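Here the structure is laid out as structure tokens; the discussion comes afterwards.
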Amino acid sequence: MSIFDRFISRDAAEPEREPFHPIPYKKRFAELDKSGQEAMERYPEDRKTVEDFLWALKASSRERHTKSLEGELLPIKAAARFFLSRDRLLAYACLLPPENDGDGITLEEFLGDMHFEGIRYGVLQQDIPAEFARGYLHVFPVARGRPFQEGEDGSVTELFPRRRNMRLEVQNGSEVAFGQDVQLQPIRKGTVICQIHPPRPGTDGMDVTGQVLPSPRPVSAQVSQGENTALSRDGQTLVACADGILYMEDGTFSIHAQKIIDGDLDQFQGTLQISGNLYIGGNVDGGAAVEATGEIVINGRVGRARVTSSGGTIRVQQGVYGTKDQTLLTAAGQIQTPVVEMAEIDAGTSLIAETISNSSVRCGGTVYVMSGRGLITNSVIRAGDSILCQRVGNLAGGRSRFSVGYPPHILESRERIREEMAKIQPTIDMLWDTVTNLRRKSSRLSEGEKLLLAQLVEQRKLYTEKQEALTLELRALHKELEKKTKGRIRCEKVYPSLEIQIGRLKEEISLEEENCNIHCEQSIILMR
């Protein structure tokens, strides 16, 4: 038995309604407003539907009233009016009174009208009789549909931050935040990068007319899959396919394949040679030797070891604490480390540190020691550009030597040439003496002595030619050192003693100085 049939069987014996006594036109509108307000208070979520229904009811009531005044004033039967919300999930009803002593409306007729209006689903069968009994101009709900239940779109839980760095960044400024982790993410093959949650379908709804309201189809998760990553067989994880550095590229997780050493590297037999980048999670010590063609990141310390990057940058997160003549860092690019102690540094472009002590530094560009202690003490530093620091030396004394403004190899080459010339000259002098003594014997020379004389003359010629070549090379270096340079040494405090060389000029600072801007002007070294 249908809902409509149950209503009919239950109310078939219902007595006819009492005759309706006409009320003034404006009073009808007032009653409608009152009934509508009551409905909105009872069902605040239906406010928009009730407001729209009231507008339609007033228009219909006005039309009926106008019609009742036309012609022979024929009776007009009471009528049920229905209204659907825009989403068709809600149906409201109201009984309009008869005009000119027209007939009323029974519950059976009301239900029949509702049925033929197509309102079939979600009918409020328990409430309708009581609402109907409240009479004309009463606004009330008669059916409520079932809204669809949305499912859940697929989603991705990312287990790693979205970092864009695939290589160690060269710092353009003077400071590095060594207190923070290196902004590189090493990852091992097989590591889960993302967890993928599949979509969950929703539930269809139905409006009051019985039409299905389909639930929107959920969207599958967009997986940020890039180079050297793959989906698992069940499609629920994104995993790494290679050891390397995890980074974001064009919105996808990608892996820059490279060698990764999780822990310490020490007592390594021979030299560890890597083509590409290298990430070491611990310390490098124990006489280990490391060479890589790309960037080298060491997340711990460097002790007694040799580390070389032939084509990139070196970053030592916790500092270099070396051993004399047994610790060497060489990079084609920049070197970054908070501490340089008892080590040799050869940086192709620049060095950024917080403390340099008892060390030797060659740098093609600028040496920055501006953050942290900003201290350089008991060290030899040769910078192709400038040296910038907060303090040189300390209360305990000591001696440092700085040269700036020229490629470091110029001074080193000059020292090498001078040393070679110093060794050659005694040899030439000795050859001259020997040749002179032999020639004095003239015709008394034996065949063996004649042969020896010829050999000594040839040797003297070779040594003399070498001496002349070194002299020309030395003159070229001196000419290069005489060029004007913008190299500077800037520091807030200098403790004695500090030897300064800019080109061929030298200066010794034997007293405490402050706010120094040491540079060369018109062949004079100035302190300010």
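From a predicted model like this one, the values you see are computed outputs, not experimental measurements.
- In summary, Glu415 and Arg382 engage in a salt bridge, as defined by a charged side-chain N under 4.0 Å from a carboxylate O.
- Using a distance-only test at 3.5 Å, with no hydrogens or angles considered, no donor-acceptor pair links the side chain of Gln317 to the main chain of Gly300.
- The side-chain heavy atoms of Glu354 and Arg373, taken from C-beta on, include no pair separated by under 4.5 Å.
- The closest side-chain heavy-atom distance from Asp207 to Asp87 is not below 4.5 Å.
- With contacts defined as side-chain heavy-atom distances shorter than 4.5 Å, the pair Cys194/Leu159 does not qualify.
- Between Leu90 atom CG and Glu45 atom CD the span is 8.5 Å, to the nearest 0.5 Å.
- For residues 186-199, the pairs satisfying side-chain hydrogen bond (donor to acceptor under 3.5 Å, both in side chains) are Thr157-His197, Arg188-Asp243, Arg188-Asp262, with sequence neighbours left out.
- At distances below 3.5 Å, not a single donor-acceptor pair connects side-chain atoms of Ser379 with backbone N or O atoms of Ser360.
- Looking only at side-chain heavy atoms (C-beta outward), Gln336 and Thr313 come within less than 4.5 Å of each other.
- Between Gln459 atom CD and Met430 atom CE the span is 7.5 Å, to the nearest 0.5 Å.
- Rounded to the nearest 0.5 Å, atoms CD (Glu249) and OG (Ser224) are 12.5 Å apart.
- For Thr366 (side chain) and Ser350 (main-chain N/O), no donor-acceptor pair under 3.5 Å exists by modelled atom type.
- Remark: side-chain polar atoms of Ser309 are paired, donor with acceptor, to backbone N or O of Gly294 under 3.5 angstrom.
- Of the possible polar contacts, one joining the Thr293 side chain to the Gly276 backbone as a donor-acceptor pair under 3.5 Å is found.
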**Request:** Show the numbers, then the answer: is there a side-chain contact (heavy atoms from CB on, under 4.5 Å) between Val297 and Ile245?
**Result:** CA-CA 11 Å; Val297 177; Ile245 298 298; over 6 Å; no
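- Closest of all the heavy-atom pairs between Thr349 and Gly333 is OG1-C, 3.1 Å.
- Judged by distance alone, the side chain of Asn283 and the main-chain N or O of Asp264 form no donor-acceptor pair under 3.5 Å.
- Within 6.0 Å of atom OH in Tyr463, 12 or fewer heavy atoms from other residues, nucleotides or ligands are found, so the atom counts as exposed in its surroundings.
- Contact record, Ile193 with Val239: CD1-C, 3.9 Å, taken as the closest heavy-atom pair.
- At a threshold of 4.5 Å between non-hydrogen side-chain atoms, the residues Arg163 and Leu246 do not count as touching.
- Side-chain contact between Ser357 and Asn378 is absent, with no heavy-atom pair separated by less than 4.5 Å.
- Nearest heavy-atom pair across Pro161 and Phe253 is O-CE2, 3.9 Å.
- Thr471 is listed as a side-chain neighbour of Met421, based on a closest heavy-atom distance under 4.5 Å.
- A distance of 13.5 Å separates OG1 of Thr427 from CZ of Arg460, quoted to the nearest 0.5 Å.
- A side chain to side chain contact (heavy atoms under 4.5 Å, CB included) with Glu513 is found for exactly one of Lys493, Arg528, Glu492, namely Arg528.
- Of all heavy-atom pairs spanning Val320 and Ala343, the tightest one is CG1-CB, 3.8 Å.
- Atoms CD1 and CD1, on Ile524 and Ile502 in that order, are 12.0 Å from each other to the nearest 0.5 Å.
- Considering only heavy atoms from C-beta on, Phe402 stays 4.5 Å or farther from Glu507 through its side chain.
- In this structure a side-chain-to-backbone donor-acceptor pair under 3.5 Å is present from Arg146 to Asp204.
- Between Gln225 and Thr252, the side chains place no donor N or O within less than 3.5 Å of an acceptor N or O (distance only, hydrogens not considered).
- For Asp285 (side chain) and Asp266 (main-chain N/O), no donor-acceptor pair under 3.5 Å exists by modelled atom type.
- Thr377 and Ser400 get closest at one heavy-atom pair: C-OG, 3.6 Å.
- Considering all non-hydrogen atoms of both residues, Thr49 and Ser85 come closest at OG1-CB, 3.3 Å.
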